[in-house]
Amino acid sequence: MSELTLTVMRLGFLAVLWLFVIVAVQVIRSDLFGTRVTQRGSRRGGGGATSAPQQAGGRQSAPPQQRQRRGAPTKLVVSEGTLTGTTVALAGQTITLGRAHDSTIVLDDDYASSRHARIYPDRDGQWIVEDLGSTNGTYLDRTRLTTPTPIPPGAPIRIGKTVIELRK
Amino acid sequence: MSVVTNTTTIGAIELPSRRNTELLLLGFAVVIPIFAYANVGLAIHGELPPGMFLYGLGLGALAGVAHLVVRRYAKYADPLLLPIATLLNGLGLVLIWRLDQSERLQNLAKRQFGLFTESAPRQMLYTALAIALFSVVLLVLKDHRVLQRFTYISMAAALVLLILPVVPGLGADVFGAKIWISVGGFSIQPGEFAKIVIAIFFAGYLMVKRDALALASRRFMGLYLPRGRDLGPILMIWAMSLLVLVFENDLGTSLLFFGMFVIMLYVATERTSWIVIGLLMSIGGAVVVGATASHVKARVTAWLDPFDCYSTSGACEQVGQSIMSFGSGGVLGAGWGQGNSDLIGFAANSDFIFSTVGEELGLAGVMAFLLLYGLIIERGVRTALAARDPFGKLFAIGLSGAFALQIFVVAGGVMGLIPLTGMTMPFLASGGSSVLANWVLIAILIRISDTARRPAPAPAPSPDSEMTQVVRPS
């Protein structure tokens, strides 16, 4: 066998071996991105299409677009129930609560209705809570809601076993 | 599982099963060894080897069977484990066949045993057996969590496997190390199987005890020090591995078991202090045993300066030859079949097979091999990360940790980085136990990764349609 052929084969083998390694690493690349971010359509009754920045894993923290009143709450915090610790930024759009899958906060709570309540800002930026005809009712502090009611800061809102509050 | 923010849904990607990627890589992994086989034949005999097509066909058929089994019984398994293992095993067969062609080794065997038998056909047979065992494991083991039930049985089994080689009449003393047993003409290395069995025990045990080992601790100099009584398990494993070292003269096995326990302990408890304690204990043990046991002392001398005692001690000569073969390989190597690594002598195709890689494929080849091993380990760790159950996590970490330690111990030994330990390079070295055990290890990793990557079952029927419970005042 000629020297040249053997040299070519020697280098060729190393090249093929490394090609395999590189292809294998390419296959791994697809595993590095574990999550997918999908844009959902803007909600009806909300504050129009808010261009939320897409960030994987992080909660949206975009500053509210509309004018901010002094002392207005900036986030909604779940303080009791299975979702305890969940926070949702208040960005000027309606937040719906209930067991329905398309709710902003999906309650895993046997005592909540599918569409239980909604929380929305009025024209002045005051946040209002409204019961949507739920079975077991929505309680602000200890009173059952009958009409849309402004939420005082720090007042607990009870839905089934879940309690939420608005915080600054 | 998904996080819902105001306008986006972040959910896990539905992983495709990746079986076709695996098939493609598997084809690649069969072609490379055939290329190497042809290369060896051309370099040594100047013609294409006559058995080439039979060899290629055999390897291809084995790979095909393994792929079909994975496709049928572990659909979502990791796509890289099988092709890389196949490639390494195929190249191992070529390396063994290449060393069979060496006249030096043939003459040496004739002088020592009176006759020379080729190792490659036997290794091919073992590979076929190993693939069969691989398929059986995937068929029988539908869920790795079943193994959790055998936590304490596997501890007993591992102890028996470790003790077997010192049982008189059963154990075989081969060149100083007592790690073989001979049953009906076959010699088996029980330590290779013990490594998998003991991983089951460690995983099951640590899963239950990890809170006690992690939480009850005092802070001292930035380290969380465990309580005295929590040191019990690590001391027991340490004593056991020292006993293995003293009675079986096998540094590799004892290092493997102790290291594996420390790795799993660290992963289970997230306490750095266990690694510090483990390192201190292994250094202490190694120093004491290295100064007293004569077999280990010879290995240490050979490691410190192999060329000083080159002409007086067989161990030094082997390590020296091995280092020279790495040196003469250079960056690009001498080429398949053109090196002189057969000068190493009788262990050239088992313990020292990596020296042949170093000489004939050079630094570039050695790095590629180490990367391939690294990829198997990485896939194992990735499987552990993705696994949803704590037992599977610890089990996968234990298996990949043991695999990593074994590569380090063997490659480090033949390169002169650490004292030589007499373990075998997984998939490359000649020997049935090693091939069988490592294919079982790959099968278990494939099973765990299949469970981990399988898409979550369809969500329960929509709660929208369910009735809301009414609060009844009582």
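Numbered from 1 within each chain, the chains take letters A, B, ... in sequence-line order.
A distance-only check finds a donor-acceptor pair linking the side chain of B/Tyr55 to the backbone of B/Gly90 [under 3.5 Å]. A donor-acceptor contact shorter than 3.5 Å links the side chain of B/Glu359 to the backbone of B/Ser341. With hydrogens and angles disregarded, a donor-acceptor distance shorter than 3.5 Å links the side chain of A/His116 to the backbone of A/Gly137.
When each of B/Pro79, B/Pro83, B/Gly333 is checked for heavy-atom pairs under 4.5 Å with chain A, B/Gly333 comes out on top. Note: A/Phe20 leads A/Trp18, A/Phe20, A/Tyr111 in heavy-atom pairs under 4.5 Å with chain B. With chain B as partner, the option from A/Leu19, A/Asp108, A/Asp109 having the largest number of non-hydrogen pairs under 4.5 angstrom is A/Leu19. When each of B/Thr21, B/Leu332, B/Leu372 is scored by its heavy-atom pairs under 4.5 Å with chain A, the top score falls to B/Leu332.
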Check the pair B/Arg447 / B/Asp78 against salt bridge (charged side-chain N to carboxylate O under 4.0 Å, His left out), numbers first and verdict last. CA-CA 9 Å; B/Arg447 169 55 68 216; B/Asp78 195 282; over 6 Å; no
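Interface remark: B/Leu375 contributes side-chain atoms only to the contact with chain A (heavy atom separation under 4.5 Å). Looking at B/Ile32, both its backbone and its side chain come within 4.5 Å of chain A, counting heavy atoms on both sides. Of the two parts of A/Leu11, only the side chain, counted from C-beta on, holds a non-hydrogen atom closer than 4.5 Å to a non-hydrogen atom of chain B. For a residue to count as touching a neighbouring chain, one of its non-hydrogen atoms must lie under 4.5 Å from one of that chain's; by this rule B/Leu371 touches chain A with the side chain only. Neither the backbone nor the side chain of B/Ala386 comes within contact range of chain A, judged by heavy atoms closer than 4.5 Å. For A/Thr135, the part lying near chain B is the side chain, with the backbone staying farther off; criterion is any non-hydrogen pair under 4.5 Å. Proximity to chain A (any heavy atom under 4.5 Å) is restricted, for B/Leu91, to the side chain, taken from C-beta onward.
Side-chain contact between B/Val40 and B/Trp97: present, with at least one pair of heavy atoms (C-beta onward) separated by less than 4.5 Å.
Between B/Tyr37 and B/Trp336, the gap from one ring centroid to the other reaches at least 6.0 Å.
Of the inter-residue distances, the one linking B/Arg98 atom CZ with B/Ile353 atom CD1 reads 10.5 Å to the nearest 0.5 angstrom.
A salt bridge is absent between B/Glu360 and A/Arg10; no separation between the charged side-chain nitrogens and carboxylate oxygens falls under 4.0 Å.
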